[in-house]
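Here the structure comes first, spelled out in structure tokens, and everything after it is commentary.
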Amino acid sequence: MQIAKDRVVSIHYTLKNDAGTVIDSSEGAEPLVYLHGAQNIIPGLEKALEGKVADDALQVSIDPTEAYGEYKKALTQVVPSSMFQGVETIEVGMEFQAQTDQGMEVIRIADVDGDNITIDGNHPLAGERLHFDVAIAEVREASEDELQHGHVHSEGCQH
Ligand code: ZN
């Protein structure tokens, strides 16, 4: 069965950045299972997988625009540390949920300079070219429920 819209796809993958550092991998774990054509995964990877079948393997490099977007300086901001009341120590790399114009977003602490805290709303992989090694484990039709919900249901899914 080919990978196409409304099919459920299981893949094993290793993701590297330009420097060749492994950022993420399903090795030694369950495969990633997603609903094809429902924007469950980044657009560039979804395009590359279209039409493939189980046991196919591929290597694909994806530009930021087809992955997590370009890095936007405008999404960084310097705010006073008083905005983080109740947080004992503010450290680079900490993540917070914040209400923004685009809804709830994850904000990362990018820099701490005394009372001046630089926050960054970019995805951690924004601006990165991504290199995937993918092996397709399984392709099946999605169930009615899965199509309605727009995501895959695993065993024991409660809704
Ligand atoms: Zn659901």
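In each ligand, atom 1 is the first atom listed, and ligand 1 is the first ligand listed. No experiment lies behind these values; they were computed from the predicted model shown.
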Sorted by chain and residue number, the side chain to side chain donor-acceptor pair (under 3.5 Å) partners of Asp6 (sequence neighbours excluded) come out as none
Side-chain atoms of residues 105-113: list all donor-acceptor pairs with protein atoms under 3.5 Å, sequence neighbours left out, distances to 0.1 Å.
residue : atom : partner : partner atom : Å
Arg108  : NH2  : Asn122  : O            : 3.1

- Any side-chain donor paired with an acceptor under 3.5 Å for Ser81 and Asp115? yes
Hits for salt bridge (charged side-chain N to carboxylate O under 4.0 Å, His left out) against Glu50, two or more places apart or cross-chain, chain-then-number order -> none
Under the 3.5 angstrom rule, does the side chain of Asn40 hit a backbone N or O of Gly150 as a donor-acceptor pair?
yes
task: Can you label the angle between the His149 ring and the His151 ring as parallel, tilted or perpendicular, going by 30° and 60°?
output: perpendicular
Ignoring waters, protein N/O/S atoms under 2.8 Å from the Zn ion (ligand 1) are His149 ND1, His151 NE2, His153 NE2, His159 NE2
